[in-house]
Novice: 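The structure is given below, and queries will be raised subsequently.
Keep in mind the model is a prediction, meaning the values are calculated, not measured. Start at 1 and go down the list; that is how both ligands and their atoms are numbered.
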Amino acid sequence: MSNISVIGAGYVGLSTAACFAELGHNITLIEIDPEKLTALKNGLMPISEPGLNEMWQRNKQEDRINVTNNHMDGLLGAEFAFIAVGTPAASNGKPDLKWVRLAAKNIAEAASGPMVIVIKSTVPIGTAEIIDRIVSYNDRNGHSLPVVSNPEFLREGAAIYDFMHPSRVVIGSSSQEAIDVVSKLYKPLDSPIITCDNRTAEMSKYACNAFLATRISFMNEIALLCDEYSVDIVKVAKIMGLDPRFGSGYLNAGLGWGGSCLPKDLKGLIHMAKSRGFPARLLRAVQQINQQQVYIVIRKLHWLLGNLEGKTIGILGLAFKPNSDDVREARSLLIISLLENEGCRIKAYDPDPTAMQNAGKLKIDVTYCANAYEVAKDSDAIVLVTEWEEFKELDMPAMASMMNQPIIVDGRNLYDPDEMIQAGFLYEGIGRCSQRTQETRIGIVQ
Ligand code: UGA
């Protein structure tokens, strides 16, 4: 079993730490944020992630996890140092490497022997070489400190499952010895291990996230056409997904992609392209489609309600996706701000209390509700933004009967349009067709 230090207690760092501990390794997590550190020291998990807390507490009790803010202590005796710090995008999209650079410097200064430095953070192509130079400059003892690029492909909300059941593990380095020892760490996971150079590993991460974003934006564009031509995008996606050349993932049309990764990484890749004088036309179009997608909610509400001034709109779901408390770049926030501009009153509920708290910290004028029924009560329309399972189980006739006007814009195509109409709703999905809505729309347009 190895001694592994993980720097950064975000989604990736915490999941990596917990899962490697679960595989039997001794983990030291290094986090400098006092709030996160105190929470972890007091046995509290700073993020909601299914299965993470249980795994964390179990391994902590069995003494396989330690937490510190001191790099010297935290890296003492470490054989591996995983860098899992944030790389937020600057306003021009350029990923900020300040935390990655600092981690590299701290590792080099604290290294008490040979150690493999593993970059898990998503970093621009060529970063491993920069890290290598920072490490060589700051390592006064001449230890062997090879740099490995090991991008993470886990999804928030499924982080533990994805870490333990990866579709592939990518290990890039110029040191074969380093590749071999890092490969050994992942061997118990029984997944394909792709070894390559650092740049290939770095690019593969950006390419994957950009491709996922592209698929979704593609489907969202087709969904707009489906709306125009009375075609159901859900059926179209099913037909497409059965083609083994495509696969069925990431074909769900909706309000677009958000979160801390897809938007940031697409911006990062566009920035990289721009810095080499390359226009990245497709990537920009993918981004533009996503930016425009939320306006569809306002358009649909206008069709159905006319002027929105003074109307009460209920929002179901604040987190950027189900099973997550994360509201970073959440579509809910954009929609709320558009509705605020229209002069609406806004009520909202998310099944994850932390997601509501996270939204509550932002400057938005929202009445937070205890459940979906409270959102529905006296609302003029509901917008489903996050497809939580809980929203599937709602008593929809009861919801409809509580509203001023039984209107729902299903931003994630969670519901069956016919069932919603039977429940008494005027239903609008994204790229779906329902007879009643078609008639209403024609009525309004005329
Ligand atoms: C994404 C990638 O899926 C992970 O592989 C990657 O490791 C991670 O970014 C990262 O770079 O750290 P994540 O941000 O957790 O994971 O979220 P996703 O599950 O990919 O969803 C992203 C957004 O796309 C969400 O807003 C979701 O609602 C939306 N989405 C997803 C759609 O609109 N349609 C779909 O068919 C799928």
Novice: If I take atom CZ from residue Arg331 and atom CZ from residue Arg412, how far apart are they, to the nearest 0.5 angstrom?
Specialist: 7.5 Å

Novice: Test salt bridge (charged side-chain N to carboxylate O under 4.0 Å, His left out) on Glu329 and Lys267; report intermediate values, then the result.
Specialist: CA-CA 13 Å; Glu329 302 249 2; Lys267 275 186 214 153; 3.4 Å; yes

Novice: Tell me whether Gly258 has any N or O atom under 3.5 angstrom from an N or O of ligand 1.
Specialist: yes

Novice: Suppose I only count heavy atoms of Asp265 and a 4.0 Å limit; which atoms of ligand 1 are within that range?
Specialist: 11 (O)

Novice: If I apply the N/O under 3.5 Å rule, does Leu262 come out as touching ligand 1?
Specialist: no

Novice: My understanding is that only one of Phe80, Phe82, Phe20 makes a side-chain contact (heavy atoms from CB on, under 4.5 Å) with Ile27; could you say which?
Specialist: Phe20

Novice: Has ligand 1 got any nitrogen or oxygen that is less than 3.5 angstrom from a nitrogen or oxygen of Phe153?
Specialist: yes

Novice: To which protein heavy atom is atom 34 (N) of ligand 1 closest, and what is the distance rounded to 0.1 Å?
Specialist: Asn252 O, 2.9 Å

Novice: Distance from Ile315 atom CD1 to Cys369 atom SG, nearest 0.5 Å?
Specialist: 11.0 Å

Novice: Of all the non-hydrogen atoms in the protein, which one sits nearest to atom 15 (O) of ligand 1, and at what distance?
Specialist: Glu156 N, 2.7 Å

Novice: Name the closest protein heavy atom to atom 28 (O) of ligand 1, giving the residue it belongs to and the distance to 0.1 Å.
Specialist: Arg412 NH1, 3.5 Å

Novice: Quick one: look up the protein heavy atom nearest atom 37 (C) of ligand 1 and list residue, atom name and how far away it is.
Specialist: Tyr250 CD2, 3.4 Å

Novice: Can you report which non-hydrogen protein atom sits closest to atom 8 (C) of ligand 1, along with the distance?
Specialist: Leu154 O, 3.4 Å

Novice: What is the minimum heavy-atom distance between Met219 and Ala237, and which atoms define it?
Specialist: CE-CB, 3.8 Å

Novice: Under the side-chain hydrogen bond (donor to acceptor under 3.5 Å, both in side chains) rule, what pairs show up with a residue in residues 181-201, not counting sequence neighbours?
Specialist: Lys120-Tyr186, Glu129-Arg199, Ser149-Asn198, Asn150-Tyr186, Asp197-Thr200

Novice: Within this structure, what is the CZ-CG distance for the pair Phe425 and Asp410, rounded to the nearest 0.5 Å?
Specialist: 10.5 Å

Novice: Any heavy-atom pair between the side chains of Leu154 and Ser15 that's under 4.5 Å?
Specialist: yes

Novice: To the nearest 0.1 Å, how far is atom 2 (C) of ligand 1 from its closest protein heavy atom, and which atom is that?
Specialist: Asn209 OD1, 3.5 Å

Novice: Does Glu152 approach ligand 1 within less than 4.0 angstrom via side chain, backbone, both or neither, non-hydrogen atoms only?
Specialist: backbone

Novice: Give a yes-or-no answer on whether the side chains of Tyr349 and Glu390 include a donor-acceptor pair shorter than 3.5 Å.
Specialist: yes

Novice: Within the structure, does Lys205 bring an N/O atom to less than 3.5 angstrom of an N/O atom in ligand 1?
Specialist: yes

Novice: Tell me whether Thr122 has any N or O atom under 3.5 angstrom from an N or O of ligand 1.
Specialist: no

Novice: For atom 17 (O) of ligand 1, what is the closest protein heavy atom, and at what distance to 0.1 Å?
Specialist: Lys321 NZ, 3.3 Å

Novice: Applying a heavy-atom cut-off of 4.0 Å, say which part of Leu255 lies close to ligand 1: side chain, backbone, both or neither.
Specialist: neither

Novice: Say whether Glu387, considering both its backbone and side-chain N or O atoms, lies within less than 3.5 Å of an N or O atom on ligand 1.
Specialist: no

Novice: Suppose we measure from atom 27 (C) of ligand 1 to each protein heavy atom; which comes out shortest, and what is that distance?
Specialist: Phe320 O, 4.4 Å

Novice: Which atoms of ligand 1 have any heavy atom of Cys261 under 4.0 Å away?
Specialist: 8 (C), 9 (O), 10 (C), 11 (O), 12 (O), 14 (O)

Novice: Taking side-chain hydrogen bond (donor to acceptor under 3.5 Å, both in side chains) as the cut-off, I'd like each qualifying pair that reaches into residues 96-105, sequence neighbours left out, listed once.
Specialist: Lys105-Glu109

Novice: Measuring from atom CZ of Arg215 to atom CG of Leu251, what distance do you get when rounded to the nearest 0.5 angstrom?
Specialist: 4.5 Å

Novice: Looking only at distances, please establish whether an N/O atom of ligand 1 is found under 3.5 Å from an N/O atom of Ser260.
Specialist: no

Novice: Strictly below 4.0 Å, N to O, side chains only: are Lys300 and Asp227 in salt-bridge contact?
Specialist: yes

Novice: Hey, is Arg58 close enough to Glu22 for a salt bridge, meaning N to O under 4.0 Å?
Specialist: yes

Novice: What I want to know is whether Trp257 and ligand 1 share at least one N or O pair that is separated by under 3.5 angstrom.
Specialist: no

Novice: State whether the shortest distance between N or O atoms of Leu212 and N or O atoms of ligand 1 falls below 3.5 angstrom.
Specialist: no

